[in-house]
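These notes concern the structure reproduced below.
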Amino acid sequence: MDMPMMKKMLDALMNADNDVRKSAELYFTERFSNDGEGMVQTLLGIFSDTSCITIHRSFAAVLLRRAVEKCHFSPEKNVELRSLLVHLWKNETDNTLLKRLAHIMAQSAMNSSWVELLPQVIDSVRETFVLCLHVLV
Amino acid sequence: MQKQNVAITAAIMLVEIVTEQCPQDILTNIQVLGQFLSSQLGAATPTIQVGSAKSTCACIIALENDGAREAFKPAIQPIINILGATLSRCDEGDATSIMEYLVSVAQVQPIFFKGNIDAVVQAMLTVAKSDDLEFSTRSIALELLVTLTETAPALARRCPGLVQGLVPLAMNIMLDVDETEAEWVAGKYTQELAEDNSFVGEEALERAAAGMGGRMLAPTILSLCQQFAGHAKWTYRRAAVAALCRLAEGSSATFKNYFDQSVQYLIGALQDASARVRYQAVETLGRFAALFPQNAKLLVTTFVPGLTSMLGQEVICDRLRGHVASALINLTNPETCDAEYLVESGLLEPLLSSLVVCLQNASLEVQPYCLDLLGCVAQVSGESFTPYYSSFMPGIKNILVTAQGPLLVKLRGKAMDCVGLVGDAVGSSLFSQDAADVMLLLIKDLKSSSAEAQDIAFDYVLPACARIARALGAAFSPFLSDVMAPLLAGASQIIKCTIEDADDDDNEGEAVKDEETGMESAVMSVGGLKKRVTMNTYAVHQKDQAARMLFEFAEALKGEMASHLMPALEVTLAMITDKHSSDMRASAALALAKLFEAVLDAASKGYMDSKTLGAVLQSSLNRLLESQRGEINGSARACSADALSDILQACYDSAEEQADGGRNSYSVIVRPDVSNSQIIVSELLERCVESVKRRLGREHAFQSNEGLDAEDKSAFEEEVRHFLVLLIHVLC
């Protein structure tokens, strides 16, 4: 599924009309069962695209958390996904989106061990701190 | 620095999430986390401070390693300081969220507070006493104090500030009553009492008494009760009586020492000028009747005359009158009240006269309680009730006919209860004609497809039928088919249960019920994931009730159940291992034993052949042993063991009685064969081993818990005795 199509589906999934929402949910579930990894890629694409509106990025993150819960990634794909998540984490400045990202990362850690997650995140905070000090100086 | 703060806040939040979802990662990264969080507790930004305080608590809760947890101990004082700072800037939301975490620490790791308990207690007392704060904020602080008394009673007892501070605090909260006396007096009995803050104080007192024991708390509570009792304001006098009640409820063993003086005090409180104080005294009396059955005679002879007089007075407000009826129900509980207490003391006739008056002029809210009371009094008095039978039965039958519609469901249901109890009290010869009339009405209800009839079938109609069956004995047989059909249908219904992913926004512990379908759903953690579990709890309740009814019918009719016995056994066997409810499994196990006794009786009367009897015995024993194997609920396990014991005892009792009172074991009607007996003995020995292990595990947990000491030692698992008794039965 391409990004414009995904954005339309996100709108449909958030629609106030029950029928529209239900058919979108059905469609999403069907597409996800056919190509889970592809769906994860598209959702990551929406989330990482800072030109997308926040509500799309936020809802994409909600779906991404569920997708990560259900998908079984190969070890290589998992490393790739985690590296991207940490990269996104380091660059995100919106509190709500950071919270969504935290849930995705914790979900990934639940699926299979990710003991380096917390040290990585704490190190990144220190890096930001040093960077801020440089800016201030 | 803005970006820096966002990054730190987010990292702290991630730690909080990881503690919930991957707690093992906390121990792995304890050093990095400890340094990071402790440095952020001292941050300049309030958001970061609060986040670090919450994440630190989350880590403490997540860590199972005592040594690792100790590393966080220096964080307690900074967390208390942060709490103080949030309150100083009137940020009660953040303060509440920190205290909620501290409550969780007190629930799962109370010993963590050792060494700092005085500081924590003082901080919480300060918050809980602050009238300027929202009550919800104050009550969380109170909750932490009470939780400590429950989870670490020995630690709590060693903290004088807690004992001295908690009781006055709780009793002062008990004065916080919203309704004026006039508003309260105007309310109906069944109307929910206003959710006053006073209840929070009362519950705190009771839980603390139950948690740390009454020995430490009683002197402080009683001293304050004395002060409050002499106060001019009714709120104080009400609080004094309520405190007494809560102390008794929480610590009945200690309260025995104060029982006599409390009774004297209650005599005075029942005469109080305030209806609310009298109401509280009546409630306390009702609780005393339930808590101190050994003192039933004293309570009945001392208080029934006064309560009888109050019951008959139309001028008394509805709430008080209803409560008087309820207290009398407890006082005349057939299990604790002997006939002589009422009959020989001359209390029966005045009580029944008051009941006649009350049934005629009390509100519709109070009348159901009068019917309950009438049933209890009839049961207690037995044959002595016979002269009064004709004064009451026409009225009760009239209620059954005329009380129709949703508003009168309870009244009609209680009338059904009452008919059975009264009939059972006076016996079949006097009751049989009325019983036949009533059974026609009840069967009409059972056959009705209206929603109202369906609703009351298992709660009122079938239990009433069971009581009437007990009163009539074999004469009930003509009605049995009409009764057993809905009973067996209810017992064999399939319980709908689904488990699906919960929404991200759903909170764990959230429960909703659809009253129309009976479906109840709750969000819970299954394997670390949030799932929504939905179950038809209405069907679960009906099945549990059905098992109880099968017990009642089997006990009342025995072999007279005849052709209904095998279908009843079939549904009962299925319920014994039903995974949906331990209550249902316990009820079904006990019902099975009664049904087996009924089968033996049927066989002795020639309604059943001996081959069937052997098969019934084998399937019953096998199912009970199966239930023993996997049962995790202690009560269900005990009931299942009792049922096994009763069945084997019934086999033994089926033998001819000898001159010395013993049984000739060669003449038993049925018994397990030798190979089956070997399996039973071997299984029971395994259960004995498991039971001993459980007991040792609990003893070890007790001894290694610094929060407990000898005063908290309650009886350890006694079920091993069940199995030993069973073994003896099998060997006999």
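Every chain is numbered from 1 and lettered A, B, ... according to where its sequence line falls, protein lines coming before strand lines.
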Tightest non-hydrogen contact, residues B/Val32 and A/Pro119, listed as CG1-CA, 4.4 Å

Minimal heavy-atom distance between B/Gln21 and A/Gln107, with the atoms involved, is OE1-N, 3.9 Å

For atom CD of B/Glu510, decide whether the heavy atoms of other residues, nucleotides or ligands shown that lie under 6.0 angstrom number more than 12.
yes

On a heavy-atom basis, the closest approach of A/Val125 and B/Phe36 is CG1-CE1, 4.3 Å

Heavy atoms of B/Cys22 and A/Ala106 approach each other most closely as SG-O, 3.8 Å

Whatever's closer than 4.5 Å to a heavy atom in chain B on A/Trp114 counts as backbone

**Request:** Taking atom NZ of A/Lys77 as the centre, report whether more than 12 heavy atoms of other residues, nucleotides or ligands fall under 6.0 Å from it.
**Result:** no

Criterion side-chain contact (heavy atoms from CB on, under 4.5 Å) on B/Asn29 and A/Ile122, from CA distance to verdict: CA-CA 11 Å; B/Asn29 296 300; A/Ile122 290 169; over 6 Å; no

Margin query: If you count heavy atoms of other groups shown closer than 6.0 angstrom to CD1 of A/Ile53, is the number above 12?
Written below: yes

Review point. If you draw a 6.0 Å radius around NZ in B/Lys513, do more than 12 non-hydrogen atoms from other residues or ligands fall strictly inside?
Key: yes

When you look at CD of B/Glu64, are more than 12 heavy atoms from neighbouring residues, nucleotides or ligands closer to it than 6.0 Å?
no

Item to complete: Taking atom CG of A/Leu84 as the centre, report whether more than 12 heavy atoms of other residues, nucleotides or ligands fall under 6.0 Å from it.
Response: yes

Is the shortest heavy-atom distance from the side chain of B/Asp501 to the side chain of A/Arg66 under 4.5 Å? no

On a heavy-atom basis, the closest approach of B/Met13 and A/Lys99 is CE-CA, 3.2 Å

*Min side-chain heavy-atom separation B/Ile26-A/Leu118 under 4.5 Å*: yes

With chain B, the option among A/Leu117, A/Leu101, A/Val115 that has the most non-hydrogen atom pairs under 4.5 Å is A/Val115

Determine whether more than 12 heavy atoms belonging to other residues, nucleotides or ligands lie under 6.0 Å from atom CD of A/Glu69. yes

